Amino acid sequence: MTGWTDIGALADIPQRGARVVKTSRGCIAVFRTGADEVYALDDACPHKGGPLSEGIVHGASVTCPLHNRVFDFATGAAQGADTEVATTYPVKVEGGRLLLDLAALADRSAA
Amino acid sequence: LVIIGAGMASGRALEELFSLAPDAYEVTLFNAEPRGNYNRIMLSPVLSGEKSYGEIVTHDADWYDSHGVETRFGEPVTAIDRGRKVVVTAKGETPYDKLVLATGSTPFIIPMPGHDLPGVIAYRDLDDTNTMIAAAATPGARAVVIGGGLLGLEAAAGLRLRGMEVSVVHLAGHLMERQLDPSAGYLLEKALAERGIAIHCSASSKEIYGQDRAEGLRLEDGTEIPADLIVMAVGIRPGTALGKAAGLETGRGIVIDDRCVTSDPDILAVGECVEHRGAVFGLVAPLFDMAKVLARTLAGEAAAFAPVEVATKLKVTGCDLFSAGDFAEGEGREDIVFRDPARGVYKRLVLKEDRLLGAVMYGDTADGAWFFGLIKDGTDVSEMRETLIFGPSFQGGTAPDPMAAVAALPDEAEICGCNGVSKGQVVAAINAGAHDIGALRAGCKASASCGTCTGLVEQVLALTLGDGFALPQAQPVCGCTELSHEDVRRLIKARELKSQAAVWQELGWTTKDGCHVCRPAINYYLLADWPLEYRDDPQSRFVNERNHANIQKDGTYSVMPRMWGGMTTPEELLAIAAAAKKYDAAVKVTGGQRIDLLGVKKEDLPAIWKDLNDAGMVSGHAYTKGLRTVKTCVGSDWCRFGTQDSTGLGIKLEKRLWGSWTPHKVKLAVSGCPRNCAEATCKDVGIVCVDSGYQIGVAGAAGMDVKETERLVDVATEEEAIEWSTAFIQLYREHAKYLDRPYKWVAKAGLDWVKEVLSDPAERRALNARFDISQSVYQTDPWAALVTAEERASWSSPIATIDLEAAE
């Protein structure tokens with residue numbers, strides 16, 4: 001469908017931090033690791049809805065600020081004995097710009 | 001009787017022999033060194049200038065004379081002809097009926113390139129010592145000591161006292177690794193660094209460079225340490241050359257039997273050159289025993305040498321160190337470790353099967369002799385095991401059984417209040433395979449939130465697993481490291497680590513940039529120790545601190561403006577009410593004597609802050625590990641019973657302390673009289689005003705734990721009350737473990753130590769000055785940081801807003 005959409009510059013996201021993409025169907029947290037890799041997760045923790053964009057980013061994971069669930073960016077899976085899985089979205093960097101795959105979001109919402 | 005070697009063992013042997021059988025032998029004493037017997041151990045005070053050589057001589061010319069000893073000093077023996085029973089020197093042959101080899105040890109010289117340049121020495125005898133003293137006479141002279149064991153450190157200390165610039169290079173990861181574990185090694189390293197000795201651990205020496213003489217040491221990693229003198233203190237080997245050449249049985253040393261006789265019945269040996277039942281020796285006490293045995297054998301008496309446990313009590317540059325017995329690691333051995341890094345105290349006991357094998361103490365060696373006694377006697381210590389490390393003053397009485405209380409709890413009893421986990425659930429989790437606290441936290445969540453129940457959970461573990469469970473010692477900070485908070489705090493100071501990257505690198509973190517547990521702690525330690533060099537990192541802050549407001553369960557925030565000392569004005573109340581209406585907030589009065597506005601959306605935060613700022617209010621920091629509130633009661637302004645202006649003092653304290661980051665939240669209170677209406681006696685710092693002045697108490701608690709404050713000091717003036725309170729808080733900032741409230745920190749550091757430090761007026765002033773430096777950076781209102789409307793609007797704006805329908 002629509003595919004990769006420019007949502008801003010990599011520099012707009014603090015290193016080891018996140019910014020939020022607002023959509024009518026909810027927010028997406030876009031993360032930038034200390035090594036300048038980018039990932040995107042639903043900005044709602046699958047545990048109790050906490051804002052993952054507010055968590056501490058370390059390595060390639062983030063810790064939910066509410067109850068400390070730790071999510072791996074690549075798979076969205078909670079670490080340790082927790083079983084929740086956060087929804088992930090494809091995102092990449094090209095020429096310093098962030099591209100988010102909206103097709104994935106639209107598909108998800110339609111289903 | 002011919003004796004080769006005039007060292008300490010041979011000197012003692014002669015003394016013993018002459019008292020047992022003075023006329024049995026005509027004695028000839030050879031020595032390679034051009035001098036007689038002296039106390040080699042005392043060479044260190046000679047090096048440092050505390051003693052002269054004359055003072056350490058043990059046997060002088062008169063003594064040799066009176067005992068008829070023919071002395072041949074400075075005449076090395078080059079060979080022994082056992083067939084003809086003569087020894088050979090440059091001057092000729094000397095016959096013997098009995099021969100004693102006391103050739104001591106030779107220091108090991110690393111055969112690296114440059115090792116034979118002038119200026120490279122070992123540290124063994126008086127000649128080495130004199131070379132070092134001569135080198136130190138040149139102003140600005142530099143020395144490198146290779147070897148951070150006992151001898152190397154004594155050399156370094158002595159040279160430093162003589163004014164040289166000294167570096168120590170040591171292969172292992174920490175100093176004196178045979179006696180100390182890494183933490184004790186770092187304590188020692190820090191103490192030495194404070195005395196101006198540069199320490200390089202984990203450093204491998206590659207070569208000594210220089211044209212005609214040594215000019216410096218180059219390490220494997222390329223580091224060059226320029227030096228005029230290089231001292232090698234990397235170990236000794238028994239001096240076996242002569243005996244081996246003569247055909248005597250040698251292993252690591254010249255082999256002797258229990259009577260000190262070698263493989264040749266007319267040749268005996270004593271001292272560091274021997275090997276007895278596979279053991280070689282480097283401490284003097286057993287060798288003095290051996291000397292006695294040698295003497296008795298020579299006198300024709302029956303004697304047998306059996307090495308006895310020794311203790312060594314040392315002062316290495318004023319650092320007390322005691323070690324006894326065998327403290328190597330081994331199968332079936334267990335450690336009990338007592339660590340008090342703030343006071344530089346470390347004690348370690350090594351046990352095997354209920355018996356004490358070894359002990360190492362650093363900083364507080366008073367109980368050394370008692371532990372040594374337990375080692376020597378092989379006492380069964382199982383009864384006193386729990387209190388053993390505290391020494392003889394703390395033994396006796398039957399220990400109460402902590403397990404009885406936990407065992408009596410029913411299954412439904414709540415163990416973890418935060419997560420609602422019952423004893424039965426914990427036991428089920430343990431039986432399902434969660435055998436340590438980490439597994440239980442991750443699995444059934446017991447102890448995963450506030451942590452107060454950790455001790456209780458560990459007891460349930462012990463109860464359920466029995467002997468299969470062992471309580472852990474000094475916990476590491478998190479999964480990224482094995483170091484404890486105390487270790488990390490100390491290393492950040494000692495190694496001057498001023499950035500997060502320095503910490504990950506220098507302290508060997510296993511992750512690239514830490515985790516949600518350690519990053520906030522490291523961030524705090526760095527900003528507390530280096531307020532001007534390190535900047536606070538917002539990405540290492542919990543959400544509350546990053547957003548300057550408390551996140552609630554629905555993702556909205558609570559906003560709490562400061563209300564100095566709990567006093568407000570109609571104007572402030574009107575502004576608060578207006579903000580509550582405008583942003584549709586719930587209004588709650590807090591225990592800290594201020595007002596909380598709840599339910600504020602993140603994007604509205606900058607706007608509500610501006611409204612409150614415009615009314616002259618600043619952030620109440622209700623969300624920080626920082627100064628929270630200073631509660632007051634009305635005091636002499638209004639109250640019939642007020643002895644001092646408690647409200648005024650409270651406001652002054654709050655104005656001084658607000659904005660500072662602390663290891664955990666700090667709450668103060670000032671009560672105007674002992675009726676204590678401000679509840680000062682359960683605060684981190686609580687002041688009770690009395691007619692004569694101010695009673696300052698510290699280390700109270702009124703949350704998960706309830707604890708009364710302990711009296712720190714009584715002062716007469718308001719200025720002193722502020723000075724003492726600030727100094728206490730700064731001491732807390734500099735020393736406590738992240739997330740320890742002051743009462744937890746004082747329990748670890750000891751109130752006596754805190755009082756000792758703060759009782760020094762110069763120290764109080766210095767602490768206040770350091771606090772001021774930190775405040776010069778951090779006493780700012782975070783709410784006011786967003787100045788323009790544009791900044792406010794973009795503060796929490798999304799990076800993009802997507803209209804999905806349009807996109808589709």
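Please read these numbers as outputs of a predicted model, since none were measured by experiment. Labels below follow one simple rule: chain letters A, B, ... track the order of the sequence lines, proteins then strands, and each chain is numbered from 1.
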Contact part of P538(B) toward chain A, heavy-atom cut-off under 4.5 Å: side chain, backbone, both or neither?
neither
Testing the basics here: between I56(A) and Q539(B), what is the closest heavy-atom pair and its distance to 0.1 Å?
CG2-O, 4.1 Å
Within residues 59-66 of chain A, the residues sitting under 4.5 Å from chain B by heavy atom, in sequence order, are G59(A), T63(A), P65(A), L66(A)
Sequence neighbours excluded, which residues qualify as salt bridge (Lys or Arg N to Asp or Glu O under 4.0 Å) partners of K512(B)?
none
Between Q15(A) and chain B, which part of the residue has a heavy atom less than 4.5 Å away: side chain, backbone, both or neither?
backbone
What residue in I799(B), V543(B), V517(B) has the most heavy-atom pairs under 4.5 Å with chain A?
I799(B)
Measuring heavy-atom distances to chain B, does I28(A) have an atom under 4.5 Å in its side chain, in its backbone, in both, or in neither?
neither
Kindly write out the residues that satisfy ring-ring contact (aromatic ring centres under 6.0 Å, His included) with H664(B), not counting sequence neighbours, or none if the list is empty.
none
Atom NZ of K588(B) with >12 non-hydrogen neighbours under 6.0 angstrom
no
A quick test of your reading: do over 12 heavy atoms of other residues, nucleotides or ligands sit less than 6.0 Å from CD of Q505(B)?
no
Please output the residues of residues 548-557 of chain B in contact with chain A, using a heavy-atom cutoff of under 4.5 Å, in numerical order.
I551(B), Q552(B), K553(B), Y557(B)
Heavy atoms of other groups near D12(A) CG, more than 12 under 6.0 Å:
yes
Toward chain A, the part of D537(B) with a non-hydrogen atom under 4.5 Å
side chain
Where the side chain of R519(B) meets the backbone of V57(A), is there a donor-acceptor pair that is under 3.5 Å apart?
yes
Report yes if some heavy atom in the side chain of I802(B) is under 4.5 Å from a heavy atom in the side chain of L100(A); otherwise report no.
no
When heavy-atom pairs shorter than 4.5 Å are enumerated against chain A, which of C515(B), G514(B), G443(B) gives the highest number?
C515(B)
Please classify the contact of T801(B) with chain A as side chain, backbone, both or neither, using a heavy-atom distance under 4.5 Å.
both
To the nearest 0.5 Å, what is the distance between SG on C518(B) and NE2 on H58(A)?
8.5 Å
Could you state the interatomic distance from CG (N547(B)) to CD (E54(A)), rounded to the nearest 0.5 Å?
4.5 Å
Which atoms of A9(A) approach chain B - backbone, side chain, both or neither, heavy atom under 4.5 Å:
backbone
Distance-minimising heavy-atom pair for P798(B) and K22(A):
CG-CD, 3.8 Å
